[in-house]
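Below, chains carry the letters A, B, ... as their sequence lines are ordered, and counting in each starts from 1. Keep in mind the model is a prediction, meaning the values are calculated, not measured. When reading the values below, keep in mind they use all heavy atoms of this one structure, side chains included, and skip hydrogens, waters and symmetry mates.
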Number of protein chains: 2
Amino acid sequence: MISTKQLVYFDAVARLKHFGRAADECAVTQPALSMQIQEMERDLGVSLVERGRTIRLTDAGEEVATRAARILQDIEGLTDFASKRRATLTGRLRLGVIPSIAPYLLPTVLPELQSQYQSLELRIRETLTEYLVAQLDDGTLDVALLALPIDEPKIETLSLFEDRFLLASPTDAPAPRRKMARFEDLDEVPLLLLEEGHCLREQALSFCTLRSIENADSFGASSLSTLVQMVASGMGHTLLPEMSVDLEAARNKVRVTRFEAPEPSRMIGLAFRKTSPLKADFEALGAVIKATQPPPPKV
Amino acid sequence: MISTKQLVYFDAVARLKHFGRAADECAVTQPALSMQIQEMERDLGVSLVERGRTIRLTDAGEEVATRAARILQDIEGLTDFASKRRATLTGRLRLGVIPSIAPYLLPTVLPELQSQYQSLELRIRETLTEYLVAQLDDGTLDVALLALPIDEPKIETLSLFEDRFLLASPTDAPAPRRKMARFEDLDEVPLLLLEEGHCLREQALSFCTLRSIENADSFGASSLSTLVQMVASGMGHTLLPEMSVDLEAARNKVRVTRFEAPEPSRMIGLAFRKTSPLKADFEALGAVIKATQPPPPKV
DNA sequence: GACATTTGATCAGATTATCTTATGGAATAT
DNA sequence: ATATTCCATAAGATAATCTGATCAAATGTC
């Protein structure tokens with residue numbers, strides 16, 4: 001089969017009409033180039049060059065030269081394409097995000113990503129952890145932003161930061177006896193939760209005693225936003241991730257109270273296939289996400 | 001630089017999604033293929049394949065696969081093109097012919113060539129030997145059909161057949177004393193010739209004695225056809241190449257007489273650059289021309 | 001949960017391809 | 001006639017590539 005080397009050598013001969021100078025241009029000796037051209041002619045079964053004091057391409061040689069030049073251009077195009085892709089976070093990246101993160105992080109993360117990585121084409125999909133993991137697995141997603149841990153052998157994760165839970169209560173409830181909330185407070189009024197499948201629901205439950213679990217609303221809300229509105233209307237209280245507080249508490253009349261140490265929290269991180277060669281990109285992505293978080297947690 | 005081998009290997013991987021089977025298809029061992037793919041990824045600086053129990057192309061890999069497939073197609077196209085050109089007498093062939101041959105040989109040669117070599121694209125140019133030789137030299141012509149010998153160091157020739165000269169005289173001249181003509185007969189009436197530059201003129205003169213040369217018309221005719229008409233009108237006589245007799249003598253009232261042995265003749269042949277790699281084609285061309293000639297010379 | 005299977009990576013040695021240096025022959029220029 | 005240019009050839013050196021054996025990880029089986 002014709003090699004790219006032969007195409008390069010022949011292209012030089014076709015342009016320079018001189019074996020010696022072509023060899024110079026290709027940084028090889030003249031015999032090396034001559035032999036490759038001969039080999040190429042043998043391969044193709046056609047004379048390409050008419051050798052004499054001054055050389056001339058045959059009719060077939062002219063056509064082959066045209067085709068060779070185009071092929072070389074295409075190979076160069078391939079290399080150029082790759083060198084653009086070489087930089088981290090370029091090209092298409094399919095990112096999945098869980099619903100209890102997306103509305104709070106994306107508004108700040110996306111502009112930052114776009115400004116730092118102009119050639120990044122993000123495709124974002126928002127759904128439950130379970131589906132995100134399945135889509136990572138089948139290659140539909142490259143990476144997912146969600147709450148850790150993820151228990152799936154094929155998946156590798158990267159922890160980013162902790163997101164603490166705060167207690168959200170109706171403003172018309174009796175004023176809190178303490179400045180800080182305790183887990184026991186969850187037992188006193190009904191605990192409102194997201195619907196089944198949201199990891200936030202399970203996490204919240206994990207902080208509750210058995211008695212408060214009985215208090216939990218079995219019909220969950222379909223979004224945090226709804227949940228907070230329910231709290232505001234006095235239906236119960238809930239746990240609110242810190243990242244959502246600014247947005248959700250601001251537009252609803254709820255009282256938000258920090259828990260006593262040890263504060264409950266969830267770990268936010270990225271998940272991707274162990275086999276993915278894009279780990280470097282995901283680390284860069286993680287760095288951007290981390291950087292957009294309000295820096296030091298006030299203690 | 002990316003080699004065609006790498007493109008072939010990667011193309012197989014991209015299609016089969018399996019290193020082992022791709023290696024089989026490429027008739028190499030799996031480590032050989034794996035190493036080439038790795039080398040390619042290093043060259044491009046981009047991961048192309050995500051390795052796992054089942055492999056998957058990266059986003060960049062998909063694009064590279066598309067480009068690779070196209071490049072391979074183009075290389076195949078180049079090879080196909082060459083294999084079509086491999087046959088003799090295909091593609092463009094620029095043939096020069098002298099005026100004292102063209103009108104007599106081409107009408108029979110061309111149809112024969114076209115039927116034997118459908119893919120031959122003949123370009124024919126008719127002019128004097130001197131210009132044909134110059135055009136061979138500068139590459140404007142591939143081959144010329146003319147009268148030999150050609151004295152030019154860069155030019156090689158191929159003899160085809162002898163074309164005898166016959167004496168053409170006016171029919172109203174006194175009846176010939178003998179059945180066969182002799183060179184001395186040329187001395188008796190004015191000898192008509194083609195204009196300067198036609199080889200036929202020089203050849204005719206070479207058979208004449210000094211005296212007959214004095215008889216020669218100094219204003220030559222511009223074509224054999226004209227020349228014969230001049231003979232027919234009684235202005236003199238001339239030498240006629242045998243190949244032209246059928247056509248020219250038939251439509252003019254001239255008496256054509258064969259010479260006594262040794263008959264004067266010219267050698268018809270092909271001329272081409274010594275360096276031309278198309279010699280095999282020219283031999284095939286010569287064979288066709290020879291075959292269209294009336295076979296055995298009547299003695 | 002232990003075990004056999006499959007898959008691609010790695011390694012050392014063998015092989016093949018390619019290159020370099022030196023030389024030759026033909027054509028051209030001085 | 002001599003020197004020069006230019007491509008071809010030959011032999012030995014170098015570099016690229018391949019093979020065969022082995023490994024580690026992941027998967028599927030019993």
Short side-chain donor-acceptor distance under 3.5 Å, B:Thr58 and B:Glu50: no

Under-4.0 Å side-chain N/O to phosphate OP1/OP2 contact, A:Lys274 with D:dA25: no

Touch class at under 4.0 angstrom, heavy-atom based, for A:Pro31 against every strand present: base

SB check B:Arg21 B:Glu25 (cutoff 4.0 Å): no

Closest to side chain of A:Gln38, choosing from C:dC19, D:dA8, D:dC18: D:dA8

Closest-nucleotide 5' rank along DNA chain C - winner of A:Glu39 and B:Lys17: B:Lys17

First encountered from the 5' end of DNA chain C, between A:Lys5 and B:Pro153: A:Lys5

B:Gln36 side chain near D:dC18 phosphate (N/O to OP1/OP2, under 4.0 Å): yes

SB check B:Lys84 B:Asp80 (cutoff 4.0 Å): no

C:dG8 phosphate, OP1 or OP2, under 4.0 Å from B:Ser34 side-chain N/O: no

Side-chain donor-acceptor contact under 3.5 Å, B:Arg266 with B:Ser100: yes

A:Gln30 CD - D:dA8 P separation (whole Å): 7 Å

Under 4.0 angstrom between B:Tyr9 side-chain N/O and D:dT17 OP1 or OP2: no

Value in whole Å for how far the C1' atom of D:dT27 lies from NZ of A:Lys154: 9 Å

Nearest-nucleotide pick for B:Arg51, side chain only, options being D:dT27, C:dA9, D:dC7: C:dA9

Rounded interatomic separation in angstrom, taking CZ from B:Arg53 and P from C:dG8: 8 Å

Interatomic distance, B:Asp43 CG vs D:dA16 P [rounded to whole Å]: 11 Å

Atom-pair distance (CG on A:Leu33; P on C:dC19), nearest Å: 9 Å

Out of D:dC7, C:dG8, D:dC18, whichever nucleotide has its closest atom nearest the side chain of B:Thr29: D:dC18

Contact under 4.0 Å: B:His18 side-chain N or O vs C:dT6 OP1/OP2: no

Atom-pair distance (CD on B:Glu152; C1' on C:dA27), nearest Å: 13 Å

Gap between atoms CG and C1', on A:Leu48 and D:dC7 respectively (whole Å): 16 Å

Protein-nucleotide distance (B:Met35, atom CE; C:dT16, atom C1'), rounded to Å: 14 Å

Residue that, paired with B:Leu270, satisfies side-chain contact (heavy atoms from CB on, under 4.5 Å) out of B:Leu148, B:Thr157, B:Ile289: B:Ile289

